[in-house]
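Each remark here refers to the structure printed beneath this line.
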Amino acid sequence: MTLHAAIEKLLQQTGQQMTTQEIADSLNRNKWYQKKDGSKIAYFQIHGRTKNYPQLFNRNGATVSLAGHSI
């Protein structure tokens with residue numbers, strides 16, 4: 001699973017907006033996405049990925065929600 005797919009799945013499952021840190025912490029716990037080097041996902045990686053997929057994600061500072069859902 002790609003990082004942006006894991007973020008999308010998490011937001012769908014929780015049904016609410018989350019901060020980039022909350023998303024990183026959750027994905028590190030559930031291991032839906034793991035980096036090749038085995039290190040933990042950092043909040044800034046969530047920031048970068050959600051910024052690159054505006055068709056999937058709404059952003060308001062460090063808060064992320066699925067596109068089509070209000071923040």
**Complete:** Rounded to the nearest 0.5 angstrom, the OG1-CG distance for T50 and L56 is 10.0 Å

Check: residues 39-47 side-chain donor-acceptor pairs under 3.5 Å, at least two apart:
{"residue": "S39", "atom": "OG", "partner": "K35", "partner atom": "NZ", "Å": "2.9"}
{"residue": "S39", "atom": "OG", "partner": "D37", "partner atom": "OD1", "Å": "2.7"}
{"residue": "S39", "atom": "OG", "partner": "D37", "partner atom": "OD2", "Å": "3.3"}
{"residue": "Q45", "atom": "OE1", "partner": "A42", "partner atom": "N", "Å": "2.7"}
{"residue": "H47", "atom": "ND1", "partner": "R59", "partner atom": "NH2", "Å": "2.5"}

**Shortest non-hydrogen separation from F57 to I7 and the atoms involved** = CE2-CG2, 3.5 Å

**Item:** Closest approach of T14 to L11 (non-hydrogen atoms, all atoms of both residues)
**Value:** OG1-O, 3.3 Å

**Message:** Given Q17, which partner from the list I23, N60, N58, T63 fulfils the side-chain contact (heavy atoms from CB on, under 4.5 Å) test?
**Reply:** T63

**Message:** Could you go through D25 and E22, starting from their C-alpha distance and side-chain angles, then the distance that decides it, and tell me whether this counts as side chain to side chain contact (heavy atoms under 4.5 Å, CB included)?
**Reply:** CA-CA 5 Å; D25 292 344; E22 290 170 333; 5.7 Å; no

**Item:** Test ring pair (Phe, Tyr, Trp, His ring centres under 6.0 Å) applied to Y53 - qualifying residues, sequence neighbours left out
**Value:** H4

**Request:** Could you go through the side chain to side chain contact (heavy atoms under 4.5 Å, CB included) check for V64 and M18 one step at a time?
**Result:** CA-CA 5 Å; V64 180; M18 298 176 78; 5.9 Å; no

**Request:** Locate the shortest heavy-atom distance separating W32 from Q13; write the atom from each residue and the value.
**Result:** CH2-OE1, 3.3 Å

**Message:** Give me the atom names and distance for the closest heavy-atom approach of M1 to A6.
**Reply:** SD-CA, 3.4 Å

